[in-house]
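Step one of this worksheet: look at the structure below.
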Amino acid sequence: MRVFCYSGFMMIRIFAMRAAGRNFTEARWLQYLSRERMAEAEKRKNERERQLFLGAEILMNQSLEAVGAGIPLPAAYVRNPYGKPCLLSDRGIKVNWSHSGEYVICAVADREIGIDLQYMQKEPKDSVIRKVLQPEELIFYEQTSAEQRKHLFYQYWTVKESYLKAVGTGFHTSLQTFYVRMETRNPKIIQRESGRRYRSRLLDFAAADYVAAVCCEGNTDLEPIEIQYL
């Protein structure tokens, strides 16, 4: 399956995997796991969370293998001061991953990238909605039919988090510094201050009740991106 997304010299590939029901401590997975990740996983008491935690690094390494990155696996990486993973390889490859519910997802690109996955299990509380959504977003949200609002809220959430991960600061950057226009064909990230521009796109995730979005630096709208399931 082709999963390349080109815009000029841009390359983005997206991979996902269902982690539920797998035992990532089996020998066949060890080539994709760092000792540090395995040690950290042991501290997690919840088995589902432990498998998701291990599955995220496994998927990252399988994704690098699938794109022919030529990086020894498991790939070495560090985290920036805000927690974003950065490969130590000098090949110009960027990665980002997310996990939620039963799935993990990973993006590989030639520029800074952010990806987010959310399982729409809970109905968002009004207090959370008004904390996350900016005044410009609330106008569109409240004009949307009641049965569509839950899905719309999670779309806003995944786009926002993918943007914050692409920027590399996470929630150290205030949600008040930008807003998202959802009424357009693709989500539009509107920054309140000048700086590097970012483009986002919602992804078609195969499993129901999941929402995924990817974001990267650039001025050109992203074309549709297929997800490859491993």
Side-chain angles (χ1 to χ4, degrees), residues 14-67 69 71-89 93-109 112-122 124-125 128 131-132 154 157-158 160-175 203 205 207 209-215 227-230:
I14 308 293
F15 300 87
M17 177 173 63
R18 187 171 182 266
R22 301 195 187 194
N23 179 6
F24 292 122
T25 61
E26 293 176 353
R28 63 191 178 111
W29 301 110
L30 297 184
Q31 62 180 314
Y32 301 115
L33 282 171
S34 64
R35 293 181 180 179
E36 294 80 6
R37 194 77 171 183
M38 289 188 287
E40 186 65 27
E42 289 297 318
K43 302 176 184 178
R44 297 172 182 253
K45 296 181 180 180
N46 183 285
E47 180 62 22
R48 185 184 68 85
E49 287 298 321
R50 186 183 303 116
Q51 295 304 322
L52 280 172
F53 183 75
L54 292 173
E57 186 173 88
I58 288 172
L59 180 62
M60 183 268 287
N61 282 292
Q62 287 189 322
S63 300
L64 291 171
E65 184 177 62
V67 302
I71 299 173
L73 303 180
Y77 62 92
V78 295
R79 293 184 181 272
N80 75 4
Y82 305 102
K84 183 177 181 177
C86 306
L87 295 175
L88 291 180
S89 167
I93 298 174
K94 310 296 182 182
V95 296
N96 198 240
W97 61 78
S98 177
H99 57 79
S100 183
E102 297 184 346
Y103 286 85
V104 293
I105 194 168
C106 179
V108 181
E112 291 296 345
I113 192 83
I115 195 164
D116 190 54
L117 176 70
Q118 294 292 328
Y119 175 42
M120 298 186 294
Q121 181 179 24
K122 297 181 179 179
K125 296 181 180 179
V128 174
K131 181 178 180 181
V132 171
Y154 277 98
W157 182 262
T158 54
K160 285 171 179 280
E161 190 153 348
S162 70
Y163 165 71
L164 294 173
K165 293 170 77 173
V167 172
T169 57
F171 287 97
H172 291 272
T173 293
S174 171
L175 292 175
L203 303 169
F205 202 78
D209 298 326
Y210 285 82
V211 177
V214 66
C215 180
I227 302 173
Q228 183 173 352
Y229 294 86
L230 300 180

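Looking at Glu40 and Lys43, a side-chain N of the basic residue comes within less than 4.0 Å of a carboxylate O on the acidic one, giving a salt bridge.
Contact check for Ile58 versus Leu33: side-chain heavy atoms found under the 4.5 Å cut-off. Looking at Phe15 and Gln62, their side chains never come closer than 4.5 Å, going by heavy atoms from C-beta outward. The side-chain heavy atoms of Ser98 and Lys165, taken from C-beta on, include a pair separated by under 4.5 Å. Leu30 has its side chain within reach of Met38: a pair of non-hydrogen atoms, C-beta onward, lies under 4.5 Å apart. Residues Lys122 and Tyr154 have side chains in contact (heavy-atom distance under 4.5 Å, counting atoms from C-beta outward).
For the pair Tyr210 (side chain) and Glu102 (backbone), a donor-acceptor distance under 3.5 Å is present. Listed for the Thr169 side chain is no donor-acceptor partner under 3.5 Å among the backbone atoms of His172. Between the side chain of Arg48 and the backbone N or O of Gly101, at least one donor-acceptor pair lies under 3.5 Å. A donor-acceptor contact shorter than 3.5 Å links the side chain of Asn96 to the backbone of Ile115. Distance alone, capped at 3.5 Å, places no donor-acceptor pair between the Arg44 side chain and the Gln51 backbone. Although no hydrogens or angles enter the test, the distance criterion places a donor-acceptor pair under 3.5 Å between the side chain of Ser100 and the main chain of Tyr119.
Around the CZ atom of Arg79, the shell of radius 6.0 Å holds more than 12 heavy atoms that belong to other residues, nucleotides or ligands. Within a 6.0 Å sphere centred on OH of Tyr82, other residues, nucleotides and ligands contribute 12 heavy atoms or fewer.
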Problem set entry | Trace of the side chain to side chain contact (heavy atoms under 4.5 Å, CB included) decision for Phe171 with Glu161 | CA-CA 8 Å; Phe171 287 97; Glu161 190 153 348; 4.1 Å; yes
Exercise. Would Trp97 and Leu59 satisfy side chain to side chain contact (heavy atoms under 4.5 Å, CB included), going step by step from the backbone distance to the final call?
Worked result: CA-CA 9 Å; Trp97 61 78; Leu59 180 62; over 6 Å; no
Problem set entry | Trace of the side chain to side chain contact (heavy atoms under 4.5 Å, CB included) decision for Leu117 with His99 | CA-CA 6 Å; Leu117 176 70; His99 57 79; 5.8 Å; no
Exercise. Trp157 and Asp116: side chain to side chain contact (heavy atoms under 4.5 Å, CB included), yes or no, with the steps?
Worked result: CA-CA 9 Å; Trp157 182 262; Asp116 190 54; 4.0 Å; yes
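With hydrogens and angles left out, the side-chain atoms of Tyr77 and Glu36 include no donor and acceptor closer than 3.5 Å.
If you run side-chain contact (heavy atoms from CB on, under 4.5 Å) between Leu87 and each of Leu64, Val78, Val108, only Leu64 comes through.
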